[in-house]
Amino acid sequence: QVLRVESGGGLVQAGGSLRLSCAASGRTLILYAMGWFRQAPGKEREFVAVIGRNGGSTLYADSVKGRFTISRDIAKNTVYLQMNSLKPEDTAVYYCAADVYNAVRNSASFWGQGTQVTVSS
């Protein structure tokens with residue numbers, strides 16, 4: 001795969017924190033905007049956060065603003081999602097994406113394999 005979620009998924013209690021990381025292969029991928037999306041059971045995939053190709057701009061879904069932070073390490077071709085103050089409604093499979101050309105439409109050229117995040121009450 002072009003993108004690979006390397007760590008961060010798992011089970012956490014409400015109010016806790018998790019940090020997801022996703023590595024991209026290929027030298028040209030550092031030129032793309034990258035982001036995170038999630039999909040809960042029985043629900044459609046939804047946008048979570050996106051970061052510009054140079055790391056200088058970010059955009060978040062209203063549901064995670066103030067709680068989640070997206071960042072990237074250009075040298076390592078890696079994007080991160082720091083998730084704080086987690087809620088049970090954050091439970092979903094989280095996917096990283098590259099070349100996010102329309103975040104609110106869940107439009108991206110490359111997708112990672114997904115990792116399960118479960119938040120207990």
Among all residues two or more places apart in sequence or in another chain, which pass the side chain to side chain contact (heavy atoms under 4.5 Å, CB included) test with Thr78?
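Partners of Thr78 under the side chain to side chain contact (heavy atoms under 4.5 Å, CB included) test: Ser21, Ala23, Lys76, Tyr80.
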
Can the ring centres of Phe37 and Tyr95 be said to be less than 6.0 Å apart?
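No, the ring centres sit 6.0 Å or more apart.
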
If you apply the rule side chain to side chain contact (heavy atoms under 4.5 Å, CB included), what do you find for Thr91 with Gln116, and how did you get there?
CA-CA 8 Å; Thr91 295; Gln116 178 70 48; 3.9 Å; yes

Test Leu3 against Val5 for side chain to side chain contact (heavy atoms under 4.5 Å, CB included), laying out the working first.
CA-CA 7 Å; Leu3 300 175; Val5 177; over 6 Å; no

Atom [atom1] in [X], atom [atom2] in [Y]: separation rounded to 0.5 Å?
{"X": "Arg67", "Y": "Ser85", "atom1": "CZ", "atom2": "OG", "result": "7.0 Å"}
{"X": "Cys96", "Y": "Arg72", "atom1": "SG", "atom2": "CZ", "result": "11.5 Å"}
{"X": "Gln13", "Y": "Ser121", "atom1": "CD", "atom2": "OG", "result": "10.0 Å"}
{"X": "Arg38", "Y": "Glu44", "atom1": "CZ", "atom2": "CD", "result": "14.5 Å"}
{"X": "Gln39", "Y": "Tyr94", "atom1": "CD", "atom2": "OH", "result": "12.0 Å"}
{"X": "Phe68", "Y": "Ser17", "atom1": "CZ", "atom2": "OG", "result": "9.5 Å"}

Among side-chain atoms of Arg53 and Tyr32, is any donor-acceptor pair under 3.5 angstrom?
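Note: Arg53 and Tyr32 side chains miss the donor-acceptor criterion.
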
Check the side chains of Asn102 and Ser107 for a donor-acceptor pair under 3.5 angstrom, ignoring hydrogens and angles.
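Ser107 vs Asn102: no donor-acceptor pair found between side chains.
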
Trp36 versus Leu20, closest heavy-atom pair with distance:
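Closest approach of Trp36 to Leu20, heavy atoms only: CH2-CB, 3.6 Å.
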
Please find the pair of heavy atoms, one from Met83 and one from Val117, that lie closest to each other, and give the distance.
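Looking at all heavy atoms of both residues, the closest pair is CE-CG2, 4.0 Å.
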
Between Asp62 and Lys65, is there a salt bridge with N-O shorter than 4.0 Å?
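Result for this pair is yes, salt bridge flagged.
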
Tell me whether Glu89 at atom CD has more than 12 heavy atoms from other residues, nucleotides or ligands lying less than 6.0 Å away.
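For Glu89, atom CD is crowded (more than 12 foreign heavy atoms under 6.0 Å).
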
Determine whether Leu18 and Leu86 make a side-chain contact, defined as any pair of heavy atoms from C-beta on separated by less than 4.5 Å.
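Touching, per the 4.5 Å side-chain cut-off.
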
Thr69, Leu81, Thr58, Leu59 screened by side chain to side chain contact (heavy atoms under 4.5 Å, CB included) with Ile51, the one that passes:
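Result: among Thr69, Leu81, Thr58, Leu59, Thr58 is the only option passing the side chain to side chain contact (heavy atoms under 4.5 Å, CB included) with Ile51.
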
Answer yes or no: is there a donor N or O on one side and an acceptor on the other, between the side chain of Asn106 and the main chain of Arg45, under 3.5 Å?
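Judged by distance alone, yes, a pair lies under 3.5 Å.
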
Please determine whether side chain to side chain contact (heavy atoms under 4.5 Å, CB included) holds for the pair Ile70 and Val79, giving the CA-CA distance in whole Å, both sets of side-chain angles, and the decisive distance to 0.1 Å.
CA-CA 7 Å; Ile70 187 171; Val79 62; 3.9 Å; yes

